[in-house]
Colleague: 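First the structure, which I've put down as structure tokens, then a few questions once you've had a look.
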Amino acid sequence: MTKSSLNFEPGRSAPLYRCRVLVVGSGAAGLNCAEQLRLAGVDDVAVISTRRLGGTSYRSGSDKQTYYKLSNFGDTLDGPMEMAHSLFDGGAMDGGLAYIESLYSLPAFYHLVEIGVPFPSNRYGAFVGYKTDHDPRQRATSAGPKTSRYMVEKELLRLKSLGVPVLDGLTAVRLVTAGRRVLGLVALDENRSEDDPALGLTVFQAGAVVLATGGPGELYAVSVYPAGQVSLHGAALEAGAAAVNLGESQFGLASTRFRWNLSGTYQQVIPAYFSLGPDGRRRDFLAGWYRSLPELAGAVFLKGYQWPFHVNRLDNFGSSLVDLAVGAETESGRRVFLDFTRNPARPGESFDLDSLPPEALNYLNRSGARQADPYRRLRHMNPESIAIYAEHGIDLREPLEAAVCFQHNNGGLKVNADWETDLAGLFAAGELAGTHGVTRPGGAALNSGQVGGFRIARCLAGRRDELAGRRPAAPFQAALREVYRTSRAMLASDREQGRWRRLIQERMSAAAGFRREPERVRAARREAEADRRRLESAPPGAAGRRNLARAWETRNLVLTQLAFLKSIDAYLQSGGGSRGSGLVLAEAAVPGARRVELVGGRSLCFRPERPGDRRLRVAVSGPAFTTSLEEVAPLPRDESWFETVWADWKAGRTCGGGKRRRR
Ligand SMILES: Cc1cc2nc3c(=O)[nH]c(=O)nc-3n(C[C@H](O)[C@H](O)[C@H](O)COP(=O)(O)OP(=O)(O)OC[C@H]3O[C@@H](n4cnc5c(N)ncnc54)[C@H](O)[C@@H]3O)c2cc1C
């Protein structure tokens with residue numbers, strides 16, 4: 001990477017860095033992508049990040065954070081197309097990407113093993129898997145509660161040894177384009193913003209830019225993402241990229257003081273749930289949602305791997321009623337807690353392990369987890385899951401506050417089979433890439449993030465010679481002038497950015513959470529449109545130069561919010577129904593409404609998904625955030641013939657083929 005400076009106004013200049021590929025974001029996806037680029041022979045790669053250890057990968061997890069890959073131990077029968085089916089059958093997922101993610105899942109996984117991520121193997125060297133959500137083949141594995149943190153730590157060491165710079169405190173705020181090509185970006189350097197006459201503005205010129213800025217955790221008030229995680233959807237759309245499936249997110253039970261998923265063992269030990277009202281009265285509310293104590297306990301158990309909330313798990317007193325029950329309590333102003341010192345209770349019944357449904361009983365018996373209370377069962381099966389809370393000053397023998405939280409967005413920027421967006425030279429990897437469909441197996445997010453890095457490296461290695469060279473200065477100068485002018489307006493604005501952020505979060509949690517009503521979504525969308533119009537006249541106020549990057553993030557959040565709401569609204573207005581983690585509530589009288597029976601003669605009505613919509617996804621394109629419904633590509637039939645593949649490869653007709661070189 002070289003450094004010079006660029007004048008953008010008389011007497012005002014910004015540092016200018018040049019490199020072949022710039023990766024934005026230092027989560028598991030961005031770091032791996034940088035490493036793969038170097039290994040594929042692309043020199044001169046740099047990573048910039050708002051916070052080197054700030055993303056979801058470093059700061060989030062669960063009882064056993066899951067990594068999803070092709071099953072390859074013992075006599076489990078699996079294959080790439082079989083796994084691709086599991087991904088594709090979740091709905092609205094591109095068939096080509098499903099196949100690629102399956103094919104690359106083993107190389108990506110073994111690469112992690114090679115760099116030292118501690119995935120357990122047996123004495124034969126087999127990485128034995130377990131079944132995760134929507135997984136028919138025991139494809140899940142885990143390095144414990146902190147799988148993705150280990151991935152970040154090991155990748156940082158790799159990049160250090162490869163000499164790839166990872167620059168901290170740099171927040172990308174605006175992409176620089178010429179026509180439909182990305183030339184680089186403008187970032188804010190928080191280390192310099194206070195003293196620099198140009199407010200810390202910094203320019204990066206690159207042959208290609210990889211955005212790996214993660215998910216938009218800050219969009220929702222009730223969120224299990226690490227606080228402060230915003231990502232860059234809005235700015236990418238503003239620059240002309242497209243996004244898909246933004247309305248498809250995962251919502252599930254998580255603790256709120258220390259943000260952590262309450263999946264897996266936390267539920268399989270069957271803790272008691274209770275709520276507290278403003279009057280301090282305690283209520284075992286789940287008793288009102290299930291017909292018997294064994295049914296209630298069985299549902300809590302299943303929540304362990306039937307996590308997150310899913311509309312298909314409501315019938316027959318299914319496990320997703322737990323989420324609905326928790327949501328109903330919190331919406332009515334009560335706080336919900338898990339109590340690991342008590343077994344669940346229901347008036348007139350007493351808890352007995354041997355009365356549990358066979359699946360739960362068998363699991364606990366096989367795990368030797370017949371201890372008297374949930375805490376002891378947890379300590380027996382997964383002491384690490386207790387230790388992680390202890391590290392944050394929380395004793396799981398105390399009630400643990402929980403809510404149904406925004407946890408993952410399955411959509412993101414639209415990418416092709418090389419993870420390149422609609423803008424030439426702009427790639428997306430990790431959670432920002434819109435690679436998933438409606439429903440995905442647990443652990444597929446981490447796999448997809450790794451696979452993207454391999455594909456991008458393979459593609460850019462094939463374009464190595466085009467990546468060098470100077471870009472015209474004029475588009476960068478124009479972008480700098482615009483960012484400088486807006487930054488000045490932010491410093492002068494009295495519209496407090498933190499307050500604006502909270503309004504967005506409250507609006508999103510109320511209208512676009514796991515329960516959705518078309519009219520509410522429409523109203524929220526209108527408010528979001530008004531928010532966007534206000535950006536010009538009254539941008540988010542920075543209240544001091546140190547906060548400038550936060551104000552830019554809030555600006556980005558305003559745009560991201562609009563893209564999400566337009567996407568959900570377009571789907572609902574087209575007649576789209578409940579799918580994945582999105583339950584579309586309906587009046588009983590609405591034609592086609594489905595009814596789920598609840599305890600005590602109550603019922604719940606919702607709009608079901610139309611079978612014809614299974615392959616439909618909503619796309620949002622360009623600066624006007626235009627929405628359209630599009631059909632995803634089917635799963636490919638890969639009947640390739642070795643001799644022709646070989647010839648194509650040698651001629652460089654497959655991206656990166658023939659010219660690939662490893663170092
Ligand atoms: C509680 C929880 C549990 C999860 N469990 C699982 C699981 O078991 N299995 C699974 O597969 N997935 C799981 N996920 C999802 C998975 O962890 C994430 O999708 C994944 O870690 C995202 O990685 P990433 O590299 O894309 O982004 P991140 O790790 O979020 O990294 C983003 C990076 O970009 C930087 N950044 C952001 N904006 C900018 C900007 N404008 N300029 C510069 N830098 C920027 C950030 O500072 C950060 O370094 C879980 C998520 C949560 C919240």
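Bear in mind that the values here come from a model prediction, so they are computed numbers and not experimental data. One-based numbering, in listed order, for ligands and for the atoms of each. We count residues from 1, following the sequence as given.
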Colleague: Taking only residues two or more places apart in sequence or in another chain, which ones pass ring pair (Phe, Tyr, Trp, His ring centres under 6.0 Å) with Tyr68?
Modeller: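 Result, ring pair (Phe, Tyr, Trp, His ring centres under 6.0 Å) vs Tyr68: none returned.
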
Colleague: Which parts of the protein, at residue level, reach under 4.0 Å of ligand 1 through a heavy atom?
Modeller: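 Heavy-atom contacts below 4.0 Å: Val24, Gly25, Ser26, Gly27, Ala28, Ala29, Ser49, Thr50, Arg51, Gly55, Thr56, Ser57, Ser60, Gly61, Gln65, Thr66, Leu170, Thr171, Ala172, Ala212, Thr213, Gly214, Val224, Gln229, Ser231, Leu232, Asn261, Gln407, His408, Gly430, Glu431, Gly443, Ala444, Ala445, Leu446.
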
Colleague: Regarding Arg51 and the six-membered ring of Tyr58, is the cationic atom NZ or CZ under 6.0 Å from the ring centre and inside 45° of its axis?
Modeller: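 No.
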
Colleague: Are the side chains of Ile48 and Leu185 in contact, using a 4.5 Å heavy-atom criterion?
Modeller: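 A side-chain contact under 4.5 Å exists here.
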
Colleague: Could you tell me which residues satisfy ring pair (Phe, Tyr, Trp, His ring centres under 6.0 Å) with Tyr363, sequence neighbours excluded, listed by chain and number?
Modeller: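 Once residues adjacent in sequence are excluded, the partners of Tyr363 under the ring pair (Phe, Tyr, Trp, His ring centres under 6.0 Å) criterion are Phe301.
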
Colleague: When the ring planes of Tyr67 and Phe109 are compared, do they come out parallel, tilted or perpendicular, using 30° and 60° as the limits?
Modeller: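 Answer is tilted, since the angle falls between 30° and 60°.
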
Colleague: Ring pair (Phe, Tyr, Trp, His ring centres under 6.0 Å): which pairs involve residues 226-254, sequence neighbours left out?
Modeller: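 Listed once each, the pairs are Tyr220-Phe251, Phe251-Phe406.
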
